[in-house]
> 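Input: one structure, supplied below.
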Protein chains: 2
Amino acid sequence: MTTIKDIAKYTEFSASTVSIVLRGLSEKRNISKETQQKIQDAAMKLGYTPNMQSKLLRSNLPNMHIITLFWDANARQYILPRFFKGLQDSLIRNGYRYELQIMPYNVGHLKDAITKRTLMGSNGFIICNASEEDMAYLESNDFPIPLVIYNRYSHKYPTINMNDYDIGSTAADVFIGHGLQHPVIITSKADFNGMSIRENMFRYRFNEIGIKDVKTVITDDTLMGGYKAALKIIASSNKKSQESSPDCILCASDNIAFGALKAFHENGIHIPDRLKLISIGNGPSEQEEFSIPSLSVVNLPMEEMADACLSRMSKAINDFDLSPDSKEFKATFVARESCPE
Amino acid sequence: MTTIKDIAKYTEFSASTVSIVLRGLSEKRNISKETQQKIQDAAMKLGYTPNMQSKLLRSNLPNMHIITLFWDANARQYILPRFFKGLQDSLIRNGYRYELQIMPYNVGHLKDAITKRTLMGSNGFIICNASEEDMAYLESNDFPIPLVIYNRYSHKYPTINMNDYDIGSTAADVFIGHGLQHPVIITSKADFNGMSIRENMFRYRFNEIGIKDVKTVITDDTLMGGYKAALKIIASSNKKSQESSPDCILCASDNIAFGALKAFHENGIHIPDRLKLISIGNGPSEQEEFSIPSLSVVNLPMEEMADACLSRMSKAINDFDLSPDSKEFKATFVARESCPE
DNA sequence: TTGAAAGCGCTAACAA
DNA sequence: TTGTTAGCGCTTTCAA
């Protein structure tokens, strides 16, 4: 890395002169045109770029804390803004003086994103979307700054969670309350334990009332994924009698749900008359309200959880409290057109 | 700010001992339990938090560049992920070694977000969503780091733009090609010049063929906004004859379009049979594809533009090239169900 | 088991 | 018009 010193040596001026020129203070300090030119040229030639760390250090500005948010680099376009907005609002409401930095990473390869550099440059990590491998990596290593884990459990780090049992059973109970008997789950490959819990709990509630047959369709966590899964369900139910074909669907995400709604619409299957549908609501509520039909969801309290992540981080940073506690949030059912109360 | 020195003074140990203890290296370096305890307590009591700038400076890690993205703190949940994903992909594809930092700000108050601190801590700013006031602020001030402006014009800074004339005329031409004669624009209060250009150009094309009456409905740039605007249009066209009621609608954003689609659906107005609809496509294309009906758009090339922002930034940082050039992208029409080709 | 000293890159005050 | 010096907060030898 080229520094101001390198330029000083190269041009045979002093470091302070170089500093003055490069900061555009030449006029004020009466640096000769010639000197300016030489220094500019050298900076260009040597590829100088300022080191902001040392500028900041030198500046004596109050030490701002940088919180780095590790987020799945792929897909789930829906969710980041919701979570991020929750963080922002929390910052403002609580007066936290943090700077938020977003570090995208590939799920399953968190290890590669947590470099010496990211560790050094940050006062705390909030880890989101971690897979089982990622969690294993975190559990088996020590880090010099506090971590808060979003939506996963750990016996090493503080975590902010939602009650996954609740999510599954709430959805099932609504369907059961409607007397529905042929449930289907559309979901994607579970990349964290909570997903399985939600689905198993959903199944369990139906099993309890004697309905053993809860079909599952695995697809991508995308709109296209939901669309294709729904087409599959339509095709297979066309072969069956009206009585035994699906009458209610749980979608593991809003992405999947929106895709599925499109497929049912195109095939003239009326929701909620022919089929009731509930999504595990991870998307912006506005989009759920204005889909056709509007989407009933078990709403994941992401904004509240984002807020909790920051509070917990604040406690970790200020009180040195790194105990592996967990705060758990409840998801609530929001009835809309795709499945009334 | 409490530093390691403060703790050293307070505990009457040396700074190096404090450093060792606070970094958890006590065992390795044989620091006595008692000393550890005293130092930990003091750190807690004095509210010590490490200064990451100086850690980084000391670490001799290669000087990573931090690019700060200034983004509208409010609404437009759709767009950030699209732009951000464009940035990420660009990072990877071009091998730029930048760290991205997102700084939310309130449009119209960019001034408040650009603090000494943000300036010092960043090697470059990408400014998005700037209002006219924000642009005026930027134009009339000097900054010590390079700025690249997204989707606005400037005679002081490099900018990355789209052709707003094109956007408006493309949409109009498609409608005109269908022989439609009663256009309506649903838009929100223009907070930047490009919006007016798009709309004026749309109007102009219709005017050219003798259609002077292009109605405009102003609403919020939200799904609810689009919904309400559409209801208004429905109400007023119910009073008119079939011939004079609107037959095509340009929506200024996907938010507005999705909201409007819901309203038309609820009122049994078939799109595209009764009414053709084109949106200025700023949302994720997947959502446009799976809406009901799928949404025809003049697609804003946000990913390409994000890429261009980074390329331009790279040029600014590495080649000291701060000339106020502009790169302009063309928007293309994507025909889907809401308005065929 | 602890401390002293040097230095990371930069800038402000002062000197020349 | 330019240079010298000291120091921002931290860590790493090396010494005690």
Side-chain angles (χ1 to χ4, degrees), chain A residues 1-39 43 46-66 116-117 119-123 144-145, chain B residues 1-39 43 46-66 116-117 119-123 144-145:
Chain A
M1 290 277 53
T2 307
T3 71
I4 244 175
K5 256 188 185 166
D6 298 327
I7 298 176
K9 198 177 290 170
Y10 184 86
T11 56
E12 302 188 302
F13 290 104
S14 72
S16 28
T17 307
V18 174
S19 170
I20 288 161
V21 171
L22 292 182
R23 280 179 298 147
L25 305 178
S26 302
E27 308 312 314
K28 214 176 287 177
R29 297 293 305 276
N30 287 325
I31 306 292
S32 73
K33 284 269 168 261
E34 208 192 328
T35 304
Q36 289 181 43
Q37 196 57 53
K38 279 186 191 161
I39 290 177
L46 302 178
Y48 171 79
T49 56
N51 181 319
M52 291 301 166
Q53 276 73 41
S54 76
K55 276 192 193 239
L56 261 181
L57 179 57
R58 186 51 238 248
S59 75
N60 269 341
L61 286 168
N63 178 17
M64 250 278 199
H65 292 167
I66 297 168
K116 197 173 173 198
R117 167 80 215 191
L119 283 166
M120 293 297 270
S122 187
N123 296 77
I145 58 170
Chain B
M1 290 277 55
T2 306
T3 72
I4 244 175
K5 256 188 184 165
D6 298 326
I7 299 176
K9 198 176 291 169
Y10 184 86
T11 57
E12 302 188 302
F13 289 104
S14 72
S16 23
T17 306
V18 174
S19 170
I20 287 160
V21 171
L22 292 182
R23 279 179 299 146
L25 305 178
S26 303
E27 309 311 314
K28 215 176 286 177
R29 297 292 304 276
N30 286 326
I31 306 291
S32 73
K33 284 268 169 262
E34 208 191 326
T35 304
Q36 289 182 44
Q37 196 58 52
K38 279 185 192 162
I39 290 177
L46 302 179
Y48 172 77
T49 55
N51 181 319
M52 290 302 166
Q53 276 73 41
S54 78
K55 276 194 192 238
L56 263 180
L57 179 56
R58 185 51 237 245
S59 76
N60 270 340
L61 286 168
N63 178 17
M64 250 275 198
H65 292 168
I66 297 168
K116 195 170 175 200
R117 166 79 215 191
L119 282 165
M120 293 298 270
S122 187
N123 296 79
I145 59 171

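Only this structure's heavy atoms are used, side chains among them; waters, hydrogens and symmetry mates stay out. Residue numbers begin at 1 in each chain, while the letters A, B, ... track the order of the sequences. All figures in this text were calculated on a predicted structure; none of them were measured in a lab.
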> Are any side-chain N or O atoms of Thr2(A) and backbone N or O atoms of Leu46(A), one a donor and one an acceptor, separated by less than 3.5 Å?
yes

> Under 3.5 Å, sequence neighbours excluded: what are the donor-acceptor pairs made by side chains of residues 27-34 of chain A?
| from | atom 1 | to | atom 2 | distance (Å) |
| --- | --- | --- | --- | --- |
| Ser32(A) | OG | Thr35(A) | N | 3.2 |
| Ser32(A) | OG | Thr35(A) | OG1 | 2.7 |

> For Ile7(B) and dG9(D), give me the distance from atom CD1 to atom C1', rounded to whole Å.
12 Å

> Can you measure Lys33(A) atom NZ to dT2(D) atom C1' for me and round it to whole angstrom units?
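Going from NZ in Lys33(A) over to C1' in dT2(D) covers 16 Å.
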
> Ignoring the backbone of Ser32(B), work out which of dC10(C), dT2(C), dG9(D) is nearest its side chain.
dT2(C)

> With sequence neighbours excluded, tell me which residues meet side-chain contact (heavy atoms from CB on, under 4.5 Å) with Met64(A).
Arg97(A), Glu99(A), Arg117(B)

> Using a heavy-atom cut-off of under 4.0 Å over every strand shown, decide if Asn30(B) touches base, sugar-phosphate, or nothing.
base

> I need the CG-C1' distance between Leu56(A) and dC10(D), as an integer number of Å.
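It works out to 15 Å between those atoms.
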
> Hey, could you give me the CG/CD distance between Leu22(B) and Gln36(B), rounded to the nearest 0.5 Å?
10.5 Å

> With respect to the side chain of Thr35(B), which nucleotide from dC10(D), dT1(C), dT2(D) is positioned closest?
dT1(C)

> Please give, in whole Å, the distance from dT2(C) P to Gln36(B) CD?
9 Å

> My understanding is that only residues two or more places apart in sequence, or in another chain, count here; which of them pass side-chain contact (heavy atoms from CB on, under 4.5 Å) with Ser16(B)?
Ser14(B)

> Closer to the 5' end of DNA chain C via nearest nucleotide, is it Ser54(B) or Met120(B)?
Ser54(B)

> Give, ordered by number, those residues of residues 12-27 of chain A having at least one heavy-atom distance below 4.0 Å to an atom of DNA chain C; if nothing qualifies, reply none.
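The answer is Ser16(A), Ser19(A), Arg23(A).
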
> Rounding to a whole Å, what distance do you find between Lys5(B):NZ and dA6(C):C1'?
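Result: 13 Å.
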
> Between dC8(C), dG9(C), dG3(D), which nucleotide has the shortest distance from any of its atoms to the side chain of Arg29(A)?
dG3(D)

> Which pair of non-hydrogen atoms, one from Met1(A) and one from Pro62(B), has the smallest distance, and what is that distance?
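For Met1(A) versus Pro62(B), the nearest heavy atoms are CG-CA, 4.4 Å.
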
> Which residues in residues 59-66 of chain A have a heavy atom closer than 4.0 Å to any atom of DNA chain D?
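Per residue number, the list reads Asn60(A).
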
> What's the CG-C1' distance between Asn51(B) and dC8(D), to the nearest Å?
8 Å

> Once rounded to the nearest 0.5 Å, what's the spacing between atom OG1 of Thr49(A) and atom CG of Asn63(B)?
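Thr49(A) atom OG1 to Asn63(B) atom CG measures 5.0 Å (nearest 0.5 Å).
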
> List for me each residue that meets side-chain contact (heavy atoms from CB on, under 4.5 Å) alongside Lys9(A), sequence neighbours excluded, and say none if there are none.
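Lys9(A) satisfies side-chain contact (heavy atoms from CB on, under 4.5 Å) with no residue once adjacent residues are dropped.
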
> Rounded to whole angstrom units, what separation is found between the NZ atom of Lys28(B) and the P atom of dT2(C)?
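Between P of dT2(C) and NZ of Lys28(B): 17 Å.
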
> What is the distance from CD1 of Ile4(B) to P of dT2(C), rounded to the nearest Å?
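Atom-to-atom, Ile4(B) to dT2(C), this comes out as 16 Å.
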
> For dC8(C), take OP1 and OP2 only and decide whether either is under 4.0 Å from a side-chain N or O of Lys55(B).
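No.
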
> Given Leu56(A), which partner from the list Lys116(B), Met52(B), Met120(B) fulfils the side-chain contact (heavy atoms from CB on, under 4.5 Å) test?
Met120(B)

